[in-house]
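Remarks on the structure that follows.
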Amino acid sequence: MEPVSFPAQSRVALCGGTHGNEMSGVYLVRELQRQKIEKVGSATLTTVISNPRAVQMCKRYTDVDLNRCFTDAILSSPVTDATPYEMRRAQELNTLLGPKGSMGAMDLVCDLHNTTANMGLSLISYSDQDWVILHIYRQIQRKITSAPVRFILLDLPLADAYSQDSLGKHGFSIEVGPQPHGVVRVDIFNIMKEAVDQTLDWVQCFNSGSAFEGGEVDDVYTFVKSVDYPRDPETNQITAAIHPQLQDRDFCLLHPGDPMFLMFSGEIVKYEGVEVLHPYFVNECAYYEKSIAFHLARKITLTIPPLQVKKG
């Protein structure tokens with residue numbers, strides 16, 4: 001592939017507490033604020049506690065999920081006294097970090113999350129052609145050995161992109177687990193800190209003129225569909241749990257006939273799909289309310305071009 005260049009990443013935002021009970025990002029951002037770290041080489045660093053009300057209450061959100069409030073439709077909707085807090089907060093964050101899709105938006109937005117699922121370290125983004133994000137991912141994958149590192153691709157147009165990282169010209173979420181909501185585990189915190197340090201190191205190297213080689217990027221997973229728990233048709237109550245052979249095995253190969261759920265009555269529910277796919281966010285605590293037991297993804301390899309900062 002032909003080399004490409006982008007302007008310097010001069011304005012970087014690091015956000016924690018989009019979900020108020022995902023504590024690694026909250027404490028990492030607070031520590032950066034405590035140390036008054038506002039520069040990364042030539043770049044300015046903006047640190048944000050995204051949902052301060054939810055953080056104070058140690059809840060995922062107060063009214064609605066903030067991390068689903070950054071679509072164009074919500075960001076452009078009129079605000080009234082009846083508007084949920086998170087929708088109003090999303091518009092405030094859009095003013096601070098965006099406006100989304102504009103030349104005035106932050107160059108890079110990184111949003112920090114925890115999951116109760118055994119996901120290791122995952123980067124989540126919306127584009128398979130955002131060369132800046134994919135080069136950052138490759139550096140993180142090469143440098144970090146304390147956890148498996150993967151890239152999750154959500155195929156949505158920018159207008160429908162619902163998470164906070166979509167406010168930047170370039171953006172991604174860092175998802176690290178397993179960690180129970182409402183607590184901080186030092187091993188999970190340190191993995192997240194490693195990923196943030198590598199991201200900021202990449203930005204500094206890129207802005208200073210370092211050239212990054214192209215090539216293949218592996219461990220990329222494209223979202224295919226979500227799977228719900230078995231439910232009682234009359235009450236809609238869950239009637240099974242994740243099968244022990246699937247629990248804690250995020251990104252494993254799920255073959256036709258493999259066990260997915262163990263019914264509370266003892267029967268096994270098996271995967272009946274035709275394609276071998278990869279489950280992730282397996283038994284994520286916060287997804288019970290969304291009727292999601294896990295997502296399924298297809299594993300692919302991407303090719304990225306050589307990259308260097310645009311001069312002049």
Side-chain angles (χ1 to χ4, degrees), residues 13-34 46-100 105-106 109-117 119 124 126 154 156 159-168 171-185 188-189 192 226 228-229 236-238 281 283-293 295:
L14 189 65
C15 308
T18 300
H19 292 137
N21 58 0
E22 297 178 7
M23 305 311 294
S24 295
V26 171
Y27 285 113
L28 199 157
V29 166
R30 283 176 172 170
E31 180 61 17
L32 291 171
Q33 292 174 342
R34 187 187 68 81
T46 299
T47 51
V48 182
I49 295 294
S50 304
N51 195 338
R53 286 191 186 179
V55 170
Q56 185 176 20
M57 299 169 70
C58 199
K59 293 175 61 177
R60 182 174 175 86
Y61 55 82
T62 63
D63 295 329
V64 297
D65 190 341
L66 178 60
N67 209 40
R68 301 296 184 271
C69 289
F70 295 94
T71 62
D72 283 5
I74 292 176
L75 293 176
S76 61
S77 62
V79 174
T80 69
D81 290 343
T83 301
Y85 166 71
E86 278 82 6
M87 290 186 180
R88 286 185 276 121
R89 180 60 177 158
Q91 294 195 12
E92 294 172 1
L93 291 165
N94 188 44
T95 300
L96 176 66
L97 305 178
K100 181 177 177 178
M106 287 279 175
V109 175
C110 176
D111 198 22
L112 305 175
H113 291 265
N114 289 121
T115 173
T116 61
M119 296 265 288
I124 306 176
Y126 292 97
L154 304 177
L156 287 174
D160 297 329
Y162 50 75
S163 54
Q164 184 173 201
D165 53 280
S166 67
L167 296 180
F172 64 98
S173 295
I174 290 176
E175 190 84 51
V176 192
Q179 178 171 278
H181 293 325
V183 305
V184 60
R185 282 180 47 160
I188 301 299
F189 176 90
M192 180 178 284
S226 300
D228 191 12
Y229 294 91
N236 202 40
Q237 294 297 310
I238 289 172
F281 278 122
N283 203 14
E284 160 59 44
C285 169
Y287 283 1
Y288 278 72
E289 69 177 26
K290 301 180 187 298
S291 298
I292 296 171
H295 296 315

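Only a predicted model underlies this, so the values are computations on that prediction, with no experimental measurement involved.
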Response to the item:
Sorted by chain and number, sequence neighbours left out, side chain to side chain donor-acceptor pair (under 3.5 Å) with S173 holds for D165
Worksheet item: Quick one: does L66's side chain get under 4.5 Å of Y85's, heavy atoms only?
Response: no
Discussion item. Which heavy atom of A161 sits nearest to which heavy atom of K100, and what is that distance?
Written reply: O-NZ, 2.8 Å
Worksheet entry | Approximate separation, where rounding is to 0.5 Å, of L96 CG and M106 CE | 5.5 Å
Discussion item. Check this for me: E92, atom CD, are more than 12 non-hydrogen atoms of other residues, nucleotides or ligands nearer than 6.0 Å?
Written reply: yes
Worksheet item: What distance separates I174 CD1 from I124 CD1, expressed to the nearest 0.5 Å?
Response: 10.5 Å
Worksheet entry | N236 CG to I238 CD1 distance, which is reported to the nearest 0.5 Å | 8.5 Å
Practice prompt. Of all the heavy-atom pairs spanning C58 and G182, show the shortest one and how long it is.
Written response: SG-CA, 3.6 Å
Worksheet entry | Min side-chain heavy-atom separation Y287-Y229 under 4.5 Å | no
Response to the item:
Shortest non-hydrogen pair, I188 vs S24, comes out as CG2-OG, 3.9 Å
Worksheet item: If you look at every heavy atom in V48 and Q33, which pair is closest and at what distance?
Response: N-NE2, 4.1 Å
Worksheet entry | Side-chain (R88) to main-chain (T83) donor-acceptor, under 3.5 angstrom | yes
Item to complete: Measure from the side-chain N and O atoms of E22 to the backbone N and O of H113, and report whether any donor-acceptor pair falls under 3.5 Å.
Response: no
Practice prompt. For the residue pair L167 and L75, establish whether any side-chain heavy-atom pair is separated by less than 4.5 Å.
Written response: yes
Worksheet item: Looking only at heavy atoms, which two atoms of L112 and V29 are closest? And how far apart?
Response: CD1-CG2, 4.2 Å
Discussion item. When you measure from the side chain of Y126 to the backbone of Y162, do you find a donor-acceptor pair of N or O atoms at a distance under 3.5 Å?
Written reply: yes
Item to complete: Taking the side chain as every heavy atom from C-beta outward, state whether T62 and E86 have any pair of such atoms under 4.5 Å apart.
Response: yes
Worksheet item: Measuring from R53:CZ to D63:CG, what's the distance to the nearest 0.5 Å?
Response: 8.0 Å
Discussion item. Within the structure provided, determine whether M23 and V183 are in side-chain contact (heavy-atom separation under 4.5 Å).
Written reply: no
Fill in: Residue pair L97 / C15, side-chain heavy-atom distance below 4.5 Å
yes
Response to the item:
Smallest heavy-atom separation, S50 atom then R89 atom, equals O-NE, 2.6 Å
Worksheet item: Do N114 and H19 meet the criterion of a side-chain donor-acceptor pair at a distance under 3.5 Å?
Response: no
Practice prompt. For T116 and C285, indicate whether the former's side chain and the latter's backbone hold a donor-acceptor pair under 3.5 Å.
Written response: yes
Worksheet item: What residues form a side chain to side chain donor-acceptor pair (under 3.5 Å) with N21, not counting sequence neighbours?
Response: none
Practice prompt. For the pair Q91 (side chain) and S77 (backbone), establish whether a donor and an acceptor sit closer than 3.5 Å, ignoring hydrogens and angles.
Written response: yes
Worksheet item: Roughly how far, to the nearest 0.5 Å, is CD1 of I74 from CZ of R68?
Response: 10.5 Å
Worksheet item: Judged by atom type as modelled, is there a donor-acceptor pair below 3.5 Å linking the side chain of Q164 to the main-chain atoms of F70?
Response: no
Discussion item. Side chains of E284 and T115 only: does a donor on one sit below 3.5 Å from an acceptor on the other?
Written reply: yes
Worksheet item: Roughly how far, to the nearest 0.5 Å, is the OH atom of Y61 from the OG1 atom of T18?
Response: 14.5 Å
